[in-house]
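These numbers were taken from a predicted model, which means no experiment stands behind them. Just so it is clear, the values below take in all heavy atoms, side chains as well, and ignore hydrogens, waters and symmetry mates.
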Amino acid sequence: MNTLEDLEKKFNFTYPELYKQLYDDRMIIDDWDTNVPFSTLKENPPLLLFGNDIEIWEPISYREGIREMIHHEIYDISPKYRMVPFAGNGAGDMYVFQLDMQVNGEVPITFFRHDSDAEILAKNLQDFIFRQLLESLTEMDEDSMFYEDSEEEIKQNLHNQLKTHRKYLKPEQVEILENLYQRDIFEYTYRKPNGSEFKREGLLTFDEFEKLIKQETAFEKLNTKFAYWE
């Protein structure tokens with residue numbers, strides 16, 4: 001299996017058109033099998049290089065992981081759900097195309113927690129990319145890709161990333177991001193619903209992020225959680 005078409009035929013599913021375009025444009029690379037230094041990647045960032053706690057997987061290299069989820073070999077997934085993973089985080093959780101919930105060609109993106117409920121994050125890949133670009137602005141600390149960069153360097157990274165991602169976003173999404181990039185990095189306090197609070201630094205607060213997501217990417221299943229084993 002050397003192409004996306006091979007994967008689709010082997011496992012009997014179809015990738016969203018935007019994902020195919022990203023793959024053809026070489027926006028999806030194999031981080032573990034590239035000789036390109038990070039300093040060079042920053043100049044023309046591949047998909048979500050500066051995303052929030054996410055690693056985009058090269059599908060051909062990750063085909064065994066796709067097989068395991070499609071065939072329900074590792075996780076206790078109900079037969080009514082059909083998921084194809086395309087990225088992960090540092091905690092063993094995955095981002096998946098929720099094929100069984102596709103409506104009019106729109107394939108929702110779900111955050112698949114390996115030890116808890118799944119959560120629907122976006123109605124399609126375009127809105128998910130926008131969501132990730134926004135969320136990366138809420139925390140710019142030692143755990144982010146921006147750590148040890150000056151604010152000037154951070155802004156350059158952001159503009160470089162938007163340069164390569166612009167064509168995959170709506171014009172209004174690009175405009176929102178460009179306006180946020182004009183801010184100075186600031187410290188803010190976020191208060192959780194349980195009353196606890198913590199301080200963060202970024203260009204966007206969590207409250208602002210949540211408001212923008214509801215305004216710009218709203219659909220009926222946004223942020224819906226479900227037990228994928230039932």
>> Test side-chain contact (heavy atoms from CB on, under 4.5 Å) on Y19 and F97; report intermediate values, then the result.
In response: CA-CA 10 Å; Y19 185 81; F97 294 116; 3.6 Å; yes
Between atom [atom1] of [X] and atom [atom2] of [Y], what is the distance when rounded to the nearest 0.5 Å?
| X | Y | atom1 | atom2 | value |
| --- | --- | --- | --- | --- |
| Y81 | F112 | OH | CZ | 11.0 Å |
| D207 | F209 | CG | CZ | 11.5 Å |
| I129 | L125 | CD1 | CG | 4.0 Å |
| R200 | Y190 | CZ | OH | 11.0 Å |
| I70 | L99 | CD1 | CG | 6.0 Å |
| Y188 | T138 | OH | OG1 | 4.5 Å |

> Run the side-chain contact (heavy atoms from CB on, under 4.5 Å) check on F111 and M94 step by step: do they pass?
Replying inline: CA-CA 6 Å; F111 184 49; M94 291 177 282; over 6 Å; no
> Any Lys/Arg nitrogen of E208 or K211 sitting under 4.0 Å from an Asp/Glu carboxylate oxygen of the other?
Replying inline: no
>> Any salt bridge linking E230 with K80? Criterion: basic side-chain nitrogen under 4.0 Å from a carboxylate oxygen.
In response: no
Between [X] and [Y], which heavy-atom pair has the shortest distance, and what is it?
| X | Y | result |
| --- | --- | --- |
| L4 | I60 | N-CD1, 4.1 Å |
| L169 | L133 | CD1-CD1, 3.9 Å |
| I66 | P59 | CD1-O, 3.9 Å |
| E58 | I28 | CA-CG2, 4.1 Å |
| P85 | W57 | CB-CZ3, 3.9 Å |
| E68 | I74 | OE1-CG1, 3.6 Å |

Main-chain N/O of [Y] paired with [X] side-chain donor or acceptor, under 3.5 Å:
| X | Y | value |
| --- | --- | --- |
| N160 | K42 | yes |
| Q126 | Y168 | yes |
| K163 | E43 | yes |
| Q132 | N52 | yes |
| D25 | M27 | no |
| D6 | N2 | yes |

>> Quick check on N104: does its CG atom have over 12 non-hydrogen neighbours (other residues, nucleotides or ligands) under 6.0 Å away?
In response: no
>> Using the rule side-chain contact (heavy atoms from CB on, under 4.5 Å), only one of V36, L41, I56 pairs with I29; which is it?
In response: L41
> side-chain hydrogen bond (donor to acceptor under 3.5 Å, both in side chains) between Q98 and D100: does it pass, once the steps are laid out?
Replying inline: CA-CA 6 Å; Q98 190 76 42; D100 56 279; 2.7 Å; yes
>> Working note: E153 + N157, criterion side-chain hydrogen bond (donor to acceptor under 3.5 Å, both in side chains); need CA distance, chi angles, decisive distance, verdict.
In response: CA-CA 6 Å; E153 290 171 322; N157 291 337; over 6 Å; no
>> Would S196 and N194 count as a side-chain hydrogen bond (donor to acceptor under 3.5 Å, both in side chains) here? Give the steps.
In response: CA-CA 6 Å; S196 63; N194 63 10; 2.7 Å; yes
>> Could you go through H114 and Y75, starting from their C-alpha distance and side-chain angles, then the distance that decides it, and tell me whether this counts as ring pair (Phe, Tyr, Trp, His ring centres under 6.0 Å)?
In response: CA-CA 8 Å; H114 69 281; Y75 303 98; 7.5 Å; no
> Only one of R166, K155, R183 clears salt bridge (charged side-chain N to carboxylate O under 4.0 Å, His left out) with E178; which?
Replying inline: R166
> Which pairs count as side chain to side chain donor-acceptor pair (under 3.5 Å) when at least one residue sits in residues 214-225, sequence neighbours excluded?
Replying inline: R131-N223
> Less than 6.0 Å separating the ring centroids of Y15 and F13?
Replying inline: yes
> Excluding sequence neighbours, so at least two apart, what forms side chain to side chain contact (heavy atoms under 4.5 Å, CB included) with E197?
Replying inline: T189, R191
